[in-house]
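Everything below concerns the one structure shown next.
Throughout, protein chains are lettered first and strands after them, A, B, ... in sequence-line order, and every chain is numbered starting at 1. Computed from a predicted structure; not experimentally measured.
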Protein chains: 2
Amino acid sequence: MMRANLSQEAVILAAAELADQQGFEAVTVSALARRFDVKPASLYSHVRDRAAVLDGLHELALGELAALIAEETAGRSGRDALAGLAGAHRRYAREHPGRWAAMQQPAREQTVRSGEAARVVTLIWAVLRAYDLPDDELVHATRLVGATINGFLALERSGSFGHRTDSAALSWERAVDALDLALRAWPGGGTSLSRKTTSA
Amino acid sequence: MMRANLSQEAVILAAAELADQQGFEAVTVSALARRFDVKPASLYSHVRDRAAVLDGLHELALGELAALIAEETAGRSGRDALAGLAGAHRRYAREHPGRWAAMQQPAREQTVRSGEAARVVTLIWAVLRAYDLPDDELVHATRLVGATINGFLALERSGSFGHRTDSAALSWERAVDALDLALRAWPGGGTSLSRKTTSA
DNA sequence: GTATAAACCTAAACACCGTAGGCAACCGAT
DNA sequence: ATCGGTTGCCTACGGTGTTTAGGTTTATAC
């Protein structure tokens, strides 16, 4: 019985691919074992249990999302950067639906405190820097931004929008505008930075 | 073998109770059968499959949420009604965590088009009426409101906030304020209705 | 009372999860 | 190259869950 060259990283990466190809629910120990042509019990040499695989998948997705956010916000500021941040989420959800679904699952303490999660938060902070918020307001603004973006994507991906992609795109723009406006008018800060007026 | 007086409604209601008591994932055909002291196979006289039970649970939760929203927004207008709408969601999620989790699952076409879902949307429209939005903007505003509220609750319930309930309450107020501001400044409408100024 | 429909059961097949112990492959030291 | 120890893979097993098919029992209508 040749060794299949498995490792925790390989199993988690396979889980990510499987999630995107067949959906989050399809990520089972059995399905992963079939993918590597080994028996399910063999995977327990590399991963503690199914939950551990899903935790790893969650963290991998956070890391990839952070990279995409960095890419989409680089060299941008204000509403432009905000749009890049939001757009990165939406693009990631589109291109990696299964990975994105993994991020919607209740996160374990370890995942909440992971380096990848911190990176995403740091990138959001960088985008918010242009809004000149007081330090003690940063956490509230970060939560609002994260909540709104993810809430919108969850709604969109749940099929609540029907097949109206044209209307969804405008809803998206409205949402980004709303966030920008809220941030600029934030209590104790958010001086208008008038890079791009929101005349409608 | 006495008949257990089962019905589809009884099974779905039991699923809701089980979800709130033990979590959404604990809602299985086997667990429900144990609850009624029958064998799992017996439930298929009343429900098509597990997915049908979960669909029913989703719709039941939407109906209950609609009732709570109606209660919390009655006699209120503007930001006050908006706060009531948002508060109803938060209260429901708190008091019925399992039911709420059921509503976060991908919804089936039938559920999206259900009377209960329509009722929730209608109530959101009623709250938005005070903001005097153009008809063609209503759908975008509705999506933003739904997305922000649900997104916030998903974040909060996922443990991302840690145990900082004091800080979560302020984040919540900031989020409601942000929504109110965005709605009042909405393109093509949203005249300031100055019922309660947002001086900070 | 009888006939029928519906509700319940058993049996079975299938899928998934994870543990324990055994065997084979691999690696490092000599 | 050989040997010993470690690690990775397997089998076997016990447990949980899902759903279908067919049989038995209960309830209802006439």
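Every residue meeting the side chain to side chain contact (heavy atoms under 4.5 Å, CB included) condition with A:Val120, not counting sequence neighbours, appears here in chain and number order: A:Leu62, A:Ala66, A:Ile69, A:Ile124. The side chain to side chain contact (heavy atoms under 4.5 Å, CB included) test applied to A:Arg108 returns A:Arg48, A:Asp55, A:Thr111, not counting sequence neighbours. Scanning for side chain to side chain contact (heavy atoms under 4.5 Å, CB included) contacts around B:Ser30 gives B:Thr28, B:Arg34, B:Pro40, with sequence neighbours left out. Every salt bridge (charged side-chain N to carboxylate O under 4.0 Å, His left out) that A:Glu137 has, sequence neighbours left out, goes to B:Arg174.
Among residues at least two apart or in separate chains, ring-ring contact (aromatic ring centres under 6.0 Å, His included) pairs with a member in residues 81-127 of chain A are A:Tyr92-A:His96. Residue pairs that meet the salt bridge (charged side-chain N to carboxylate O under 4.0 Å, His left out) test with at least one member in residues 3-16 of chain A, sequence neighbours left out, do not exist here.
Between D:dC9 and A:His46, a contact under 4.0 Å exists linking OP1 or OP2 to a side-chain N or O.
Of the residues in residues 31-39 of chain A, A:Val38, A:Lys39 come within less than 4.0 Å of DNA chain D through at least one heavy atom, sorted by number. Sorted by residue number, the members of residues 5-25 of chain B with any non-hydrogen atom under 4.0 Å from DNA chain C read B:Asn5, B:Leu6.
Other members of the cluster containing B:Val29 are B:Leu6, B:Val11, B:Leu18, B:Phe24, B:Val27, B:Leu32, B:Phe36, B:Val38, B:Leu43, B:Tyr44, B:Val47, B:Val53, B:Leu54, B:Leu57, with ILVMFWY side chains joined at under 4.5 Å, either directly or via other members. In this structure, B:Leu13 shares a hydrophobic cluster with B:Ile12, B:Leu60, the cluster being traced through Ile, Leu, Val, Met, Phe, Trp and Tyr side chains under 4.5 angstrom apart.
On the nucleic acid side, DNA chain C contacts chain A at distances under 4.0 Å to non-hydrogen atoms, with the end points of that region at C:dC16 to C:dC26.
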### Summary
Protein heavy-atom contacts under 4.0 Å, written 5' to 3' over nucleotides 19-30 of chain D as B (base), S (sugar-phosphate only) or - (none), form the string BB----SBS---
